[in-house]
Amino acid sequence: RASDHVRLVEVGPRDGLQNERQKIPVDTKIELVEKLAATGLTILEAGSFVSPKWVPQMANSSSILEHILKTPPSSPEKIKYQFLLPNTRGLDDFLNTYNAHAPTSTPDSSPASTPSPTEPPEIELSIFTAATETFTRKNTNCSIAESLSRFAPLLSRARDANLRVRAYISVALGCPYEGPDVDPHKVAELAVSLLEMGADVISVADTTGMGTAPRTRELLKTLAAAGVEAQDLALHFHDTYGQALVNSLVGLEHGVREFDAAVAGLGGCPFSPGATGNVATEDLVRLFESLGLKTGVDVERLAAVGEWISGELGRPNDSRAGKATLAQ
Ligand code: HMG
Ligand code: MG
């Protein structure tokens, strides 16, 4: 892994859309994924297999997975697609579609590492728990301990199926129900448990955007002291209070090289009242490139996707860098 490279995980199609009240046609979601795939982004979270009673907007995620497997979007780089799951029921639903449509063997046509447009996409899973009991109950109707017990069989079955798993820890820097002072040791304890259980990466999430630079620094130090290495971490900032860019810089200084974001700053969690979207991917690209780090993303193309999806949803484009890029 080149130290001058930052991995961006585009969560717009999942985190960005899950909170929209109006029903978004599946064709629009697929078009969003295809447009994002053409920008140079290499990791896209494309949907979730959660209860449709809880999050109706994600109900057609299996159609998106099917489309990705049958007609991989063309992209300049090989893309990994992620799907979010809360439990083994979600895994069963995911595997039904995955096993029905995943190519059985990888075509070995080109000897070089250059990705071929026909190469089958790689699929990963993501799971989620939270650092406070109240948020875990509101989001997944169980305690933190119960959420970990749900993950144990899920992680072992994912391993059997050769699927990498990313684990989110929500409300790591503030909880809508318990306030901003979430215990960083609780986050670290959860991160250690999830890594021991077999999660490949921990995405530490500021669901409410309450995080500040000093508290982000404190959290990252606490994680390091507990033995969680920067390479095992991603950061997932929502930008409710406009602190996501500065908090990302703190993450970079601590060695983190994986960041989640949503095009046009889409998003929010249905179980985090008042929280707004993820940090805009366009804004993060501009920050990282200004520091000499490479993202592989064509920011003009990305800005155009942000403007397009904002228009489709009838919402303002929340990326400052995206709007300014388009106005140039
Ligand atoms: P529950 O109601 O306690 O579950 O929900 P249950 O096991 O009692 O099942 C209730 C019904 O849901 C049953 O159906 C199940 O079959 C069904 P019924 O018999 O009533 O017809 N069910 C499912 N259906 C589809 N897919 C499934 C599934 N599981 C059960 N996987 C549950 C528990 C976890 C399922 C529910 O609370 C849930 O789906 N929650 C989803 C919450 C969610 O998606 N939140 C947003 C994503 S997380 C997020 O945004 C944060 C993040 O971005 C990071 C950050 O910013 O913090 C990742
Ligand atoms: Mg989120």
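Whatever order the structure lists them in is the order used to number ligands and atoms, beginning at 1.
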| query | Are Glu189 and Lys186 close enough for a salt bridge, meaning some N to O gap below 4.0 Å? | reply | yes
| Is Arg157 salt-bridged to Asp92, cutoff N-O under 4.0 Å? | yes
Number the atoms of ligand 1 from 1 as they appear, then name those within less than 4.0 Å of a heavy atom of [X], with their elements.
X      : value
His238 : 56 (O)
His236 : 53 (O), 54 (C), 55 (C), 56 (O)
Gly90  : 31 (N)
Ala205 : 54 (C), 55 (C), 56 (O), 57 (O)
Asp15  : 50 (O), 53 (O)
Phe49  : 26 (N), 27 (C), 31 (N)
Leu84  : 47 (C)

| Should Asp260 be listed as contacting ligand 1, given a heavy-atom distance under 4.0 Å as the test? | no
Nearest-contact summary for [atom] - protein heavy atom, Å:
atom                    : value
atom 39 (O) of ligand 1 : Ser51 N, 2.9 Å
atom 58 (C) of ligand 1 : Arg14 NH2, 3.2 Å
atom 32 (C) of ligand 1 : Thr140 O, 4.3 Å
atom 18 (P) of ligand 1 : Lys53 NZ, 3.3 Å
atom 29 (N) of ligand 1 : Asn87 ND2, 2.9 Å

Report yes if [X] has an N/O atom closer than 3.5 Å to an N/O atom of ligand 1; otherwise report no.
X      : result
Arg150 : no
Pro86  : no
Pro52  : no

| Plane angle bin for Tyr98 and Phe94 - parallel if under 30°, tilted between 30 and 60°, otherwise perpendicular | parallel
| message | Does the plane of the ring in Tyr168 sit parallel, tilted or perpendicular to the ring in His236? Use 30° and 60° as the thresholds. | response | perpendicular
| task | Evaluate salt bridge (Lys or Arg N to Asp or Glu O under 4.0 Å) for Arg150 paired with Glu146, printing each intermediate quantity in order. | result | CA-CA 6 Å; Arg150 285 179 183 175; Glu146 283 164 345; 5.9 Å; no
Quick check against the 3.5 Å criterion: does [X] have a side-chain atom that pairs as donor or acceptor with the backbone of [Y]?
X      : Y      : value
Thr39  : Lys35  : no
Ser61  : Ser48  : yes
Glu66  : His101 : no
Glu229 : Gln231 : no
Arg215 : Pro180 : yes

Return a yes/no value: protein heavy atom under 4.0 Å from [atom]?
atom                    : result
atom 16 (O) of ligand 1 : yes
atom 2 (O) of ligand 1  : yes
atom 12 (O) of ligand 1 : yes
atom 9 (O) of ligand 1  : no

| Given Glu258, Glu45, Glu124, the one that forms side-chain hydrogen bond (donor to acceptor under 3.5 Å, both in side chains) with Arg166 | Glu258
| query | Taking Ser147 as the fixed residue, which of Thr129, Thr140, Asn139, Asn141 is the one that meets the side-chain hydrogen bond (donor to acceptor under 3.5 Å, both in side chains) rule? | reply | Thr129
| query | For Asp15, what is the atom name of its N, O or S atom nearest to the Mg ion (ligand 2)? | reply | OD2
| Shortest-distance N, O or S atom of His236 relative to the Mg ion (ligand 2) | NE2
Have a look at [options] and point out the one with the heavy atom closest to [atom].
atom                    : options                       : answer
atom 42 (C) of ligand 1 : Leu173, Thr136, Val50, Asn139 : Asn139
atom 43 (C) of ligand 1 : Val55, Val171, Asn19          : Val55
atom 27 (C) of ligand 1 : Arg89, Glu45, Gln18           : Arg89

| request: Count the heavy atoms of every other residue, nucleotide or ligand shown that sit under 6.0 Å from CZ of Arg315, and state whether that count exceeds 12. | output: yes
| query | Does atom CZ of Arg137 have more than 12 heavy-atom neighbours from other groups under 6.0 Å away? | reply | yes
| Beyond-backbone contact of Val171 with Pro176, side-chain heavy atoms, under 4.5 angstrom | yes
| said: Between Leu219 and Val182, is there a side-chain heavy-atom distance shorter than 4.5 Å? | reply: no
| message | Can you tell me which portion of Met58 lies within the under-4.0 Å heavy-atom range of ligand 1? Options are side chain, backbone, both, or neither. | response | neither
| field | Within reach of ligand 1, part of Ser170 (heavy-atom separation under 4.0 Å) | value | both
